[in-house]
Amino acid sequence: MSDATPPAARPLTRAALEIDEYVAGLGWDQPARLFALVDTGKLLANEPALARQLGLEPGAEGELTPIEQEELPRDAKLDEFLGTIAWPDAVAGCALVVERLILPPSAESQLPKGKSERELTAFVASHPERQEVRMTVAVLRDGTRESALRLREKDSSREVLTGPDLVPGLADALLTTFS
């Protein structure tokens, strides 16, 4: 059995998995990465030189092509940065990849109350049940969303979880970049 990305039914799911696989090839401890999602058929018709450079071939109509954007500023807060983005009409959607530490639901009752963001971050970072996760969240202008989650301890394409509502807050934030 190969470790290749499994096929997916929806173009947005395929795009999210393609981005996840690309970033997985770069290893862990990566900065956040932002991608524009463009309609592959339109890209082939309107930007044939770029399409050739990306290795796209005719017959990919209905598909989405991810195009990585410039590196996000390391010192910017993600929500503030997303508020500065405006996409041209040619962009059908966007995707963001971030790595975070998470706790299982069973640990939520242990979260200290009334602590600063820095103190909560330190608590999560030192918690014995913490897990590292890479989240790829993709959205389209029409509100369609998809997420791909990869746990560091199960770092395999076959172990990537997908679903439209896995990271709803980040999906909502990405959708605001189109308004």
Side-chain angles (χ1 to χ4, degrees), residues 2-74 76 78-79 81-100 133-151 155-179:
S2 123
D3 191 40
T5 302
R10 297 183 328 149
L12 188 58
T13 305
R14 286 192 295 275
L17 288 170
E18 179 182 340
I19 293 167
D20 170 78
E21 190 69 19
Y22 163 73
V23 175
L26 301 173
W28 285 86
D29 305 317
Q30 295 291 315
R33 295 177 183 276
L34 182 66
F35 296 81
L37 299 175
V38 296
D39 179 283
T40 303
K42 290 180 181 176
L43 183 61
L44 286 163
N46 299 332
E47 299 286 342
L50 177 59
R52 278 192 304 276
Q53 184 180 355
L54 295 173
L56 302 177
E57 298 179 15
E61 287 75 16
E63 295 298 316
L64 295 165
T65 298
I67 301 175
E68 188 170 7
Q69 304 301 291
E70 292 181 22
E71 189 172 309
L72 280 63
R74 287 189 183 262
L78 190 57
D79 56 343
F81 175 75
L82 291 176
T84 67
I85 296 174
W87 298 104
D89 291 341
V91 174
C94 66
L96 182 70
V97 180
V98 295
E99 294 179 10
R100 294 290 184 260
V133 64
R134 180 180 300 123
M135 301 177 280
T136 303
V137 179
V139 299
L140 296 178
R141 284 182 184 272
D142 67 5
T144 305
R145 52 182 75 203
E146 186 63 77
S147 301
L149 300 181
R150 180 186 292 250
L151 294 173
D155 194 2
S156 161
S157 296
R158 293 207 161 287
E159 298 287 338
V160 174
L161 302 173
T162 59
D165 300 316
L166 297 177
V167 192
L170 188 50
D172 291 342
L174 287 174
L175 284 169
T176 65
T177 66
F178 290 102
S179 48

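Hydrogens, waters and symmetry mates play no part in the numbers below; they use all other heavy atoms, side chains included.
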**Q.** Pairwise salt bridge (charged side-chain N to carboxylate O under 4.0 Å, His left out) hits with a residue in residues 86-96, at least two apart
**A.**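 Counting only pairs at least two positions apart or across chains, no salt bridge (charged side-chain N to carboxylate O under 4.0 Å, His left out) contact touches residues 86-96.
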[X] vs [Y] side-chain heavy atoms within contact, under 4.5 Å:
| X | Y | result |
| --- | --- | --- |
| Leu37 | Thr65 | no |
| Leu149 | Arg134 | no |
| Arg10 | Thr144 | yes |
| Val137 | Glu146 | no |
| Leu140 | Phe178 | no |
| Val97 | Ile19 | yes |

Using modelled atom types and a 3.5 Å cut-off, is there a donor and acceptor pairing between side-chain atoms of [X] and backbone atoms of [Y]?
| X | Y | value |
| --- | --- | --- |
| Glu99 | Met135 | no |
| Asp165 | Pro168 | no |
| Glu68 | Pro66 | no |

(Q) Taking salt bridge (Lys or Arg N to Asp or Glu O under 4.0 Å) as the definition, give me every residue that meets it alongside Asp29, ordered by chain and number, with sequence neighbours left out. (A)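 Here the qualifying residues are Arg152.
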Q: Begin from the C-alpha positions of Val139 and Cys94 and carry the test side chain to side chain contact (heavy atoms under 4.5 Å, CB included) through to its verdict.
A: CA-CA 6 Å; Val139 299; Cys94 66; 3.9 Å; yes
Q. Any ion pair linking Arg150 and Glu159 (charged N to carboxylate O, less than 4.0 Å)?
A.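 No, no charged N to carboxylate O under 4.0 Å.
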**Q.** Stepwise side-chain hydrogen bond (donor to acceptor under 3.5 Å, both in side chains) test for Thr13 and Thr162
**A.** CA-CA 8 Å; Thr13 305; Thr162 59; 6.0 Å; no
(Q) For Phe35 and Tyr22, take the angle between the two ring planes, folded into 0 to 90°, and tell me which bin it lands in: parallel under 30, tilted 30 to 60, perpendicular over 60. (A)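 Because their plane-to-plane angle is over 60°, the rings of Phe35 and Tyr22 count as perpendicular.
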Q.
Walk me through whether Arg145 and Leu174 qualify under side chain to side chain contact (heavy atoms under 4.5 Å, CB included).
A. CA-CA 10 Å; Arg145 52 182 75 203; Leu174 287 174; over 6 Å; no
